[in-house]
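Given the structure is predicted, the values throughout are model-derived calculations rather than measurements. Values reported hereafter were calculated over all heavy atoms of this structure, with side chains retained and with hydrogens, waters and symmetry mates removed.
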Amino acid sequence: MKKKIAILLITAMLTGMVTACGGNTDRSSDEVQTQTQDAEAMVHLENAEEVSAFFDEMYANIPTDQIPSAITTTELDLQDADVVSYNTGLTDVSQIAGISISESMIGSVAYSVVYIRTQEGADVEQIRQNLMDNVNPAKWICVTAEKQIAGRFGDDIFFVMAAADTADLVYGEALKVAESRNMTVAEPLEMTNPM
């Protein structure tokens with residue numbers, strides 16, 4: 001019995017050595033890594049706590065003098081149509097699992113980040129386009145967001161509207177966080193608003 005186990009172990013070791021040293025699989029390490037990432041790609045964040053952690057990681061890499069102060073994250077009540085419409089311009093939430101916003105609580109500052117978690121099977125591209133088309137960049141009345149960017153991270157939507165430099169910076173950091181979570185990323189939609 002011991003002899004059979006020893007032979008099996010030696011055979012396994014030799015097979016591993018041949019594969020590691022000379023085996024040709026016709027695939028580069030980059031191809032293998034890409035296939036693994038695609039197979040394990042994250043489709044969406046699960047809940048408001050994960051969105052809050054996403055925002056925390058994003059903000060950790062942004063200098064505090066580049067964004068407004070006193071930023072807080074809030075999950076919207078999807079049953080409150082007025083609040084949803086005011087913050088997103090959306091009127092249909094039937095395909096949405098959750099909406100979180102991140103804004104400054106001090107003064108009128110043209111800065112808003114929205115994270116939308118969609119339901120399975122949702123038309124994510126249509127929701128993203130509706131958000132871009134219908135959100136009010138002057139919702140604060142006395143100030144207007146200069147730029148809007150809507151990204152798609154897996155089946156989630158990340159949206160920022162702010163001064164152009166701020167919007168670009170925040171979106172760039174959000175993109176890094178999404179990629180670190182192995183989320184597939186689509187080309188962002190962008191719009192500059194007249195001031």
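Ring pair F158/F54 is tilted by interplanar angle, where 30° to 60° counts as tilted.
If you run side-chain contact (heavy atoms from CB on, under 4.5 Å) between H44 and each of I157, D156, V124, V51, only D156 comes through.
Closest heavy-atom contact between A174 and F153: O-CE1, 3.8 Å. Across D92 and I96, no two heavy atoms sit closer than the pair O-CD1, 4.0 Å. The minimum heavy-atom distance linking Y59 with S102 is given by the pair OH-OG, 2.7 Å. Summarising the geometry of S112 relative to E103, their closest heavy-atom pair is OG-OE2, 2.6 Å, with the distance given to 0.1 Å. A pairwise comparison of heavy atoms in V109 and P68 identifies CG1-CG, 3.4 Å as the closest pair. Nearest approach of G154 to R152, heavy atoms of both residues: O-NE, 3.0 Å.
When side chains are defined from C-beta on, V113 does not count as touching I101, because their heavy atoms never get closer than 4.5 Å. V170 places a side-chain heavy atom less than 4.5 Å from the side chain of Y111. Between Q66 and T166 the shortest side-chain heavy-atom distance does not fall below 4.5 Å. Side chains of I116 and T118 form a contact here, defined as non-hydrogen atoms less than 4.5 Å apart.
Judged by distance alone, with hydrogens and angles left aside, the side-chain atoms of S104 form a donor-acceptor pair with the main-chain N or O of S69 at under 3.5 Å. The backbone N or O of A48 sits nowhere less than 3.5 Å from a side-chain atom of E75 that would complete a donor-acceptor pair.
Of the charged side-chain nitrogens involved, at least one lies within less than 4.0 Å of a carboxylate oxygen, so that R128 and E125 count as a salt-bridged pair. A salt bridge is absent between E50 and R181: the closest approach of a Lys/Arg side-chain nitrogen to an acidic carboxylate oxygen does not fall below 4.0 angstrom.
Between the side chains of D123 and Q95, no donor-acceptor pair is found at a separation under 3.5 Å.
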